[in-house]
*Asks:* 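Below is the structure I would like to discuss, written out as C-alpha cells.
Please read these numbers as outputs of a predicted model, since none were measured by experiment. Just so you know, ligand 1 is whichever comes first in the structure, and atom 1 is the first atom listed for that ligand.
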Amino acid sequence: MDVRIALIGYKFMGKAHSHAYHDLPMFFPDLAKPVKQLLCGRTPGDLEVARDRFGWLGTQTDWRAAVMDPDVDAVDISVPSDAHKEIALTALRAGKHVFCEKPLALTLTDAREMLDVARRAGVVHMVGFNYRFAPAVRLAKSLIESGRLGTIYHIRAVFLQDWIVNPDFPLVWRLDRNVAGSGSLGDLGAHIIDLARYLVGEIAEVSGLSETFVKVRPAPAFMTGLSASVSEGAPMQPVTVDDATLFLARFAGGAVGSFEATRFALGHRCTNAFEINGSLGSVRFDFERMNELDVYLETDAPDVRGFRRVLATDPPHAYSEVWWPAGHTIGYEHTVVHEMAEWMDAIATKRDAVPSFADGVQCQAVMEAVELACRSRSWESVPLLI
Ligand code: SOE
C-alpha cells in the first residue's frame with residue numbers, strides 16, 4: 001500500500017520527517033510505503049531547493065491546495081504551533097490522515113477541538129512525541145509494565161538545553177507566545193510530560209513556577225531550526241514565553257514527580273533525561289546517551305547489586321532487528337523513523353496511532369494546569385479528558 005503524503009514545512013522537523021519517509025521503505029519494507037508527494041512551504045526558491053534535496057515529487061506554496069489535493073492521502077504538519085489547528089482541521093475535514101508536531105495546539109481548547117474533529121473524521125491522527133520511540137525508553141516501559149520495577153514511587157524528569165543563554169540571541173518564533181503557545185514548557189516540557197504519562201500514568205495535580213530570565217531580545221534577521229542571526233541595530237522586542245518552567249506532580253496511581261524544562265542550563269545541549277524509582281528497582285535514561293538504559297534491580301545478588309548499563313541495540317530490544325548488528329548505535333533521527341513507522345502501520349491496518357491527538361490533548365491539559373499553578377502559586381488539578 002502507498003500512502004501519498006503532503007508535508008507542510010521543510011525546516012528542522014520537515015527535514016527530520018523527510019529523512020524518515022526516505023528510510024522507511026528501506027528499513028521497514030513490510031510497512032505501507034510513504035510516497036513523498038508534495039512538499040509545501042511559503043518561499044518558492046527555498047522550497048524548490050528543499051524538494052530537490054529531500055526528494056519530494058512536487059511542491060505547493062498554498063497549504064490549502066496541498067491539503068485538498070486529491071493525490072494526497074495524509075498530511076504531515078511540521079510548521080510552528082500557531083498554524084497547527086487550521087491546517088489540521090482543514091485536512092481532517094477533507095478526510096486526510098493527519099500527523100501533527102507537538103505541542104498539538106496553542107491552547108487546550110484548540111487541542112480538544114482538533115481531537116474532536118479527528119475522531120469524527122474517522123482517520124488516523126498522531127502527534128509528534130518522538131522520544132517514546134527510543135528503544136531504551138521502550139525497555140523502561142516494558143520493565144515497568146511487566147512489574148519488574150514494582151510499585152512506581154518517583155519520576156524525576158528534566159529537559160535541559162542552553163541555546164538561548166546569550167541575551168543577544170534573537171527573538172525567534174519559539175520565544176513568541178502568539179506563535180509557540182508557551183516557551184520551554186510547550187517545547188521541552190511537553191516531551192517529558194508525554195514520557196511521564198507513557199511510563200508512569202496520568203498526572204492528577206501539579207504545582208509549579210516559571211521564569212523568563214531575558215525579558216527583551218533583538219528581532220531576528222534570519223531563523224531556521226534553532227539557529228538565527230541579528231542585523232546591526234535590530235529593534236528589541238519583549239520575550240513573551242517562559243525561559244524555564246519547573247513543576248511538581250502527583251500521579252493518579254500514587255507516584256510523585258518533579259519536572260524541569262529550561263533553555264538556560266549551560267552545557268546541556270539536549271538533556272532529555274529521567275529517573276524512575278519503584279519498590280523493586282530503578283531505571284534512568286538520558287537522551288544524549290539514547291542507546292543506553294541504566295537499570296537497578298533490587299533482586300540482584302547483593303555482591304553485584306548496582307546500576308547496570310544496558311545497551312538496547314540487540315534483540316529483544318525494540319527495533320533492534322531493523323537496524324544494525326549489536327552495539328551499532330542509532331540516533332535522534334531513528335526515533336523519527338520509528339514514529340513514522342507507527343503512523344504508516346496505523347494507516348495501513350486502520351487502527352489508532354499511538355501517540356494520538358488524545359495524547360496531545362492530555363499533555364496540553366497538564367501544561368495548562370502547570371501554567372495556572374505558576375500564576376496561582378497553588379496546586380491545580382489536571383482534568384482527565386481522554
Ligand atoms: C528545540 O528546543 C527542540 O528542537 C524541540 O523543538 C524539539 O521538540 C526537541 O525534540 C528538541 O529540542
Side-chain angles (χ1 to χ4, degrees), residues 8-20 76-84 99-106 111 126-134 136-137 157-166 169-177 179-198 210 212-214 217 220 223-228 239-245 259-274 285-290 330-340 355 359-360 363-364 366-367:
I8 321 294
Y10 54 85
K11 300 254 174 110
F12 179 9
M13 277 307 109
K15 191 184 197 177
H17 293 192
S18 296
H19 168 267
D76 177 333
I77 305 171
S78 289
V79 287
S81 316
D82 61 333
H84 289 182
F99 181 99
C100 185
E101 264 306 330
K102 48 55 64 175
L104 191 55
L106 294 183
M126 186 165 174
V127 64
F129 290 128
N130 59 302
Y131 296 101
R132 283 185 182 214
F133 294 91
V137 171
V158 298
F159 203 146
L160 314 174
Q161 294 185 343
D162 64 356
W163 55 281
I164 59 166
V165 173
N166 182 344
F169 187 86
L171 199 138
V172 295
W173 71 263
R174 281 181 167 80
L175 307 186
D176 179 349
R177 189 176 180 85
V179 183
S182 66
S184 285
L185 177 62
D187 191 33
L188 306 177
H191 282 300
I192 52 178
I193 290 168
D194 182 66
L195 286 177
R197 290 188 55 248
Y198 178 57
S210 71
T212 303
F213 301 113
V214 174
R217 289 180 182 271
M223 52 177 154
T224 183
L226 301 187
S227 318
V239 175
T240 47
V241 299
D242 53 300
D243 286 334
T245 294
F259 295 79
E260 182 177 4
T262 180
R263 296 164 170 154
F264 273 69
L266 265 185
H268 290 276
R269 302 295 197 251
C270 203
T271 302
N272 174 0
F274 61 77
F285 171 80
D286 177 350
F287 172 69
E288 289 187 352
R289 291 167 34 209
M290 64 161 275
I330 59 170
Y332 168 77
E333 70 275 29
H334 297 86
T335 65
V336 183
V337 178
H338 302 160
E339 168 176 75
M340 294 310 171
D359 296 289
C363 175
Q364 203 102 29
V366 176
M367 294 197 301

*Asks:* Would you say Arg263 and ligand 1 have an N/O pair spaced under 3.5 Å apart?
*Replies:* no

*Asks:* Is there a salt bridge (charged side-chain N to carboxylate O under 4.0 Å, His left out) between Asp162 and Arg263 once you walk through the steps?
*Replies:* CA-CA 5 Å; Asp162 64 356; Arg263 296 164 170 154; over 6 Å; no

*Asks:* Report yes if Tyr131 has an N/O atom closer than 3.5 Å to an N/O atom of ligand 1; otherwise report no.
*Replies:*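 Yes, Tyr131 has an N/O under 3.5 Å of an N/O on ligand 1.
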
*Asks:* Quick check: does Asp187 get an N/O under 3.5 Å from an N/O on ligand 1?
*Replies:* yes

*Asks:* What class does the angle between the rings of Phe264 and Phe213 fall in, given that below 30° is parallel, 30 to 60° is tilted and above 60° is perpendicular?
*Replies:*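 Phe264 and Phe213: tilted rings.
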
*Asks:* Determine yes or no for a side-chain-to-main-chain donor-acceptor pair under 3.5 angstrom, with Ser78 supplying the side chain and Gly9 the backbone.
*Replies:*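 Between the backbone of Gly9 and the side chain of Ser78 there is no qualifying donor-acceptor contact (under 3.5 Å).
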
*Asks:* In ligand 1, which numbered atoms sit nearer than 4.0 Å to a non-hydrogen atom of Leu226?
*Replies:*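 By the 4.0 Å cutoff, the relevant atoms are 1 (C).
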
*Asks:* Could you give the distance from CG (Leu188) to CD1 (Ile193), rounded to the nearest 0.5 Å?
*Replies:* 10.5 Å

*Asks:* Looking at ligand 1, is there an atom of it that comes within less than 4.0 Å of some heavy atom belonging to Glu101?
*Replies:*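 Contact absent.
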
*Asks:* Can you report which non-hydrogen protein atom sits closest to atom 12 (O) of ligand 1, along with the distance?
*Replies:* Gln161 NE2, 2.8 Å

*Asks:* Do the side chain of Gln364 and the main chain of Ala105 share a donor and acceptor less than 3.5 angstrom apart?
*Replies:*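 Yes; at least one donor-acceptor contact below 3.5 Å.
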
*Asks:* With heavy-atom distances below 4.0 Å as the criterion, list the atoms of ligand 1 near His191.
*Replies:* 7 (C), 8 (O), 9 (C), 10 (O)

*Asks:* Verify whether one side chain among His268 and Glu288 offers a donor that lies under 3.5 Å from an acceptor in the other.
*Replies:*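 Glu288 and His268 do not have a side-chain donor-acceptor pair below 3.5 Å.
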
*Asks:* Under 4.0 Å from a heavy atom of Phe12: which atoms of ligand 1 are those, numbered in the order shown and with their elements?
*Replies:*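 Once the distances to Phe12 are compared, the set is 4 (O).
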
